J.: 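Below you will find the structure I want to go over with you.
Every value quoted in this text rests on a predicted model; they were computed, and no experiment measured them. Atoms within each ligand, like the ligands themselves, are counted from 1 in listed order.
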Amino acid sequence: MAALLYLHPYLAVLPLLISPICSGASPWRTMTTGSHMRGEDHDKVTLLSPDATFSCGFHEVGTNALTFSIWYTPSASASATERTVVWTANPYSAERGQHSPVNKYGSRLSLNRDGNLVLTDTNGSTVWETKTSSGRHTTAALLDSGNLVIRDSSSGSNKVVWQSFRSPTDTLLPGQELTKDTRLVSGYHHLYFDNDNVLRMLYDGPEITSIYWPSPDYNALKNGRNRFNSTRVAVLDDLGTFVSSDGFRIEASDSGPGVKRRITIGYDGNFRMYSLNASTGAWRVTGQAVIQMCYVHGLCGRNGLCDYLGGLRCRCPPDYEMVDPTNWNRGCKPMFLTTDDGKEFTFVEQPHADYYGFDLSSNESVPFEACRDMCLNSSACLSFTYKGGDGWCYTKGLLYNGQVFPYFPGDSYMKVPKSFNSSAAYSSISNQKEALTCGPAGSAELMLGPASMYGTKKDNINWTYLYVFAAVLGALEMLVIATGWYLFFNKHSIPKSMEDGYKLVTNPFRRFTYRELAEATGKFKEELGRGGAGVVYRGVLEDKKVVAVKKLTDVRQGEEEFWAEVTLIGRINHINLVRMWGFCSEGTKRLLVYEYVENESLDKYLFGERSAESLLGWSQRYKIALGTARGLAYLHHECLEWVVHCDVKPENILLTRDFDAKIADFGLAKLAKQGSTSLNFTHMRGTMGYMAPEWALNSPISAKVDVYSYGVVLLEIVTGIRASSGIVLDERQIDFRQFVQEAKHILSTGSVSDIVDDRLQGHFHADQAVAMVKIAFSCLEERRKRPTMDEIVKVLMSCGDDDDYHPAYSY
Ligand SMILES: *[C@@H]1O[C@H](CO)[C@@H](O)[C@H](O)[C@H]1NC(C)=O
Ligand SMILES: *[C@@H]1O[C@H](CO)[C@@H](O)[C@H](O)[C@H]1NC(C)=O
Ligand SMILES: *[C@@H]1O[C@H](CO)[C@@H](O)[C@H](O)[C@H]1NC(C)=O
Ligand SMILES: *[C@@H]1O[C@H](CO)[C@@H](O)[C@H](O)[C@H]1NC(C)=O
Ligand SMILES: *[C@@H]1O[C@H](CO)[C@@H](O)[C@H](O)[C@H]1NC(C)=O
Ligand SMILES: *[C@@H]1O[C@H](CO)[C@@H](O)[C@H](O)[C@H]1NC(C)=O
């Protein structure tokens with residue numbers, strides 16, 4: 001059996017060995033000085049690693065173009081055309097703006113007598129060389145790790161004088177170190193160690209350079225990175241854990257030994273971990289750094305907008321068209337003259353859009369008209385972003401990094417000539433959208449790579465990957481709420497937008513000392529409440545800010561891990577989520593400092609002491625239902641994909657004086673569990689009555705557990721009874737399941753008013769009530785039939801009173 005397994009990889013290369021040109025010739029195990037390989041023989045493997053995992057030789061990248069590359073030897077069952085190249089001597093270089101493949105005819109790879117491994121093109125010019133000069137006892141060999149090494153074996157030393165592991169291209173193999181001297185590059189995107197020891201990703205395009213990972217809106221600490229370890233080394237181990245010296249860590253979702261893996265930075269600027277399915281030969285994404293692809297720079301080019309709504313797509317703003325219809329990197333160009341002074345301009349709104357950075361001016365508390373005039377009066381202004389709430393006005397001189405997010409609290413206004421016919425432009429844009437979808441839905445492909453004079457193959461990106469593994473477990477670096485990026489103009493000028501731009505930067509999140517909190521709470525005198533996670537006290541900070549201080553009882557995490565998790569939670573900022581201001585971690589003491597929410601929790605108003613004195617009216621209930629849905633949607637879809645609340649119930653929904661819902665205790669599911677970075681909860685969390693059935697069934701826990709709990713809460717909001725714990729109906733004691741059955745029956749045969757809280761005495765909005773009850777029923781379905789929180793928000797909003805609802809955002 002063992003022998004068979006051993007044979008298997010060899011079988012895989014048999015087709016290569018018996019290829020017509022070099023029948024009889026077998027790939028070399030080592031290459032000695034004086035030997036060479038001709039481009040014409042490109043279908044022959046030059047070097048094979050001892051266990052045949054890796055092959056090395058000429059690799060065809062176009063009709064007439066070759067690279068010298070290392071690839072995973074395809075398995076017998078895999079289609080041989082799909083080679084997974086892990087290293088290339090002469091890759092396409094965006095910086096040099098040229099293609100460096102060599103011609104099929106006349107090019108050679110030679111190990112010269114002086115010990116230099118050289119790749120030459122047809123006319124004899126050197127395209128690439130190792131610059132080694134170890135003499136005639138030099139050998140080249142491909143190791144089982146995928147490392148191509150050149151050894152100097154003179155005088156028996158066998159010293160490694162060069163290795164491909166030290167000059168990676170876009171891929172890191174297990175055991176291969178990314179160091180301070182090396183970087184992974186794909187197109188304009190780089191993964192590298194920055195001067196402050198932090199592992200970063202950078203878009204280094206022809207016009208701008210900007211860091212996009214980890215989030216440039218936060219400093220290293222807030223991104224969970226350590227700037228003080230100057231080792232600057234990152235490595236993927238055999239178990240599937242990628243660890244960087246700055247504290248970044250990502251674990252493959254299939255972590256464990258015996259799997260072939262790689263980390264590759266894609267043409268789309270994200271870096272992903274892949275695992276090989278040995279039986280099918282297919283690679284599967286098992287981890288990735290950037291969750292929302294719109295955060296990656298350069299995808300939609302200058303003036304382009306990365307639109308997150310309904311999948312990911314690039315589009316041009318009104319009256320702009322693609323520069324190069326085959327390549328979004330090139331962006332969009334205006335179809336009018338921006339400098340024409342005589343022309344009258346007007347603005348076209350792009351809801352929830354923003355181009356980050358490149359502000360000509362930024363001013364707070366500016367009326368909309370003044371902001372518009374500021375852009376109108378400046379010939380350099382191409383667009384402005386206006387945030388209604390606090391009147392922030394940003395005028396833009398260069399449009400880059402455009403993105404649209406449903407949760408962005410402002411809108412972008414594009415300056416276009418008055419003669420412009422917006423309805424016509426919109427229709428042409430929607431056509432363009434159809435043609436160039438880059439979302440996962442269509443099969444259309446987005447071409448980011450260069451089309452080439454050599455006829456280089458297009459980069460064929462499988463966009464479904466971007467979503468499938470959205471929940472990368474344990475990666476600390478998912479970019480959050482921010483729509484901003486730290487921009488550098490040619491690497492040296494200071495980015496203006498950092499200081500006054502998107503105020504996330506001024507996030508007052510901080511660490512407190514225990515003494516500070518003891519003082520603030522008067523030695524933990526005034527208890528506000530008690531929950532599974534701990535006791536909550538009222539406190540007043542030095543700056544007179546009223547806070548709620550939660551003393552955690554069930555934290556088994558170490559200091560650093562706690563710090564990292566809490567910092568992540570601290571970044572989450574949404575009007576419907578209770579804001580975390582900071583934390584304290586001293587010895588075994590773990591405390592969290594939260595925004596103080598005026599009123600009490602929803603349960604008190606629905607079923608508790610408060611319900612008698614001030615009954616929640618219908619519009620308040622609707623608002624609470626929508627707010628809660630928005631908060632959860634934000635947790636599930638907009639910020640960190642893996643933030644599942646796990647304990648949604650009326651007790652955890654706090655109400656402001658205006659009866660806006662604020663969800664408390666999110667993120668605690670992560671604090672309460674030990675070590676593991678995956679979502680395998682060892683302990684059941686949640687509260688009986690609100691817990692989805694899969695908790696008991698031991699099935700995987702996903703965001704859908706929150707959807708279930710939300711359904712229960714929604715039903716309770718409508719009926720005003722604690723349905724989750726069973727009720728007495730027609731003098732029968734019935735449990736929740738029976739209750740739902742009854743309610744379904746009533747809805748289908750009778751009137752919704754028989755379900756709605758009697759205490760409202762008929763004062764409710766029937767359409768909303770029906771919609772809410774129906775949503776609740778769908779939430780209580782089996783897992784895969786439940787809607788997502790985003791879908792719920794949409795349905796709820798579609799039945800809202802149009803003028804009654806003001807979108808509430810806080811940033
Ligand atoms: C070989 O061709 C390349 C590109 O076609 C050119 O840049 C180079 O100068 C040529 N070298 C020689 C020695 O002719
Ligand atoms: C720095 O990082 C390296 C590699 O991850 C690690 O081995 C070392 O312990 C770290 N040093 C400190 C002081 O944390
Ligand atoms: C490999 O793929 C096959 C077919 O899709 C699947 O049945 C099998 O579970 C996969 N193996 C692993 C280890 O993922
Ligand atoms: C807005 O800010 C700019 C500087 O960014 C300043 O020059 C200008 O006077 C301000 N305008 C208003 C209306 O406050
Ligand atoms: C813009 O120009 C108009 C007329 O030229 C002037 O009335 C207005 O005050 C200007 N607005 C700003 C913000 O400069
Ligand atoms: C704008 O374009 C539409 C469709 O092409 C056309 O029907 C309409 O008359 C145009 N309006 C103006 C003001 O040009």
J.: Would you call Asp196 and Arg227 a salt bridge, taking side-chain N to carboxylate O under 4.0 Å as the test?
T.: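 No, no charged N to carboxylate O under 4.0 Å.
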J.: Without hydrogens or angle criteria, can the side chains of Ser244 and Asp246 be said to hold a donor-acceptor pair below 3.5 Å?
T.: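 Short answer, yes.
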J.: When you measure from atom 9 (O) of ligand 3 to every protein heavy atom, which one gives the shortest distance, and what is it?
T.: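 For this ligand atom, the closest protein heavy atom is Asn277 ND2, 4.7 Å.
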J.: Output yes when a protein non-hydrogen atom is found under 4.0 Å of atom 14 (O) of ligand 3, and no otherwise.
T.: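 Yes; the ligand atom in question has protein heavy-atom contact below 4.0 Å.
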J.: Going by the order shown, which atoms of ligand 3 are within less than 4.0 Å of some heavy atom of Thr280?
T.: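 Heavy-atom distances to Thr280 below 4.0 Å select 2 (O), 3 (C), 4 (C).
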J.: Just do the side chain to side chain donor-acceptor pair (under 3.5 Å) check on Tyr212 and His189 with the steps written out, would you?
T.: CA-CA 10 Å; Tyr212 58 90; His189 301 277; 3.0 Å; yes
J.: How about Leu143 and Gln163: do any of their side-chain heavy atoms sit closer than 4.5 Å?
T.: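 The answer is no; the side chains never approach within 4.5 Å.
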J.: Quick test of your reading of the structure: of Asp246, Val243, Thr231, Asn229, whose heavy atom lies closest to atom 10 (C) of ligand 2?
T.: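 It is Asn229 that holds the nearest heavy atom.
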J.: Does the distance from a Lys or Arg side-chain N to an Asp or Glu carboxylate O, for Lys589 and Glu586, drop under 4.0 Å?
T.: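 A salt bridge is absent here (no side-chain N lies under 4.0 Å from a carboxylate O).
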J.: Taking 4.0 angstrom as the limit and counting only heavy atoms of Ser279, give me the atoms of ligand 3 inside it, by number and element.
T.: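 Near Ser279, meaning under 4.0 Å from one of its heavy atoms, ligand 3 has 1 (C).
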J.: Considering only non-hydrogen protein atoms, determine which one is nearest to atom 5 (O) of ligand 2 and report residue, atom name and distance to 0.1 Å.
T.: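 Going atom by atom, the protein heavy atom closest to atom 5 (O) of ligand 2 ends up being Ser245 CA, 3.6 Å.
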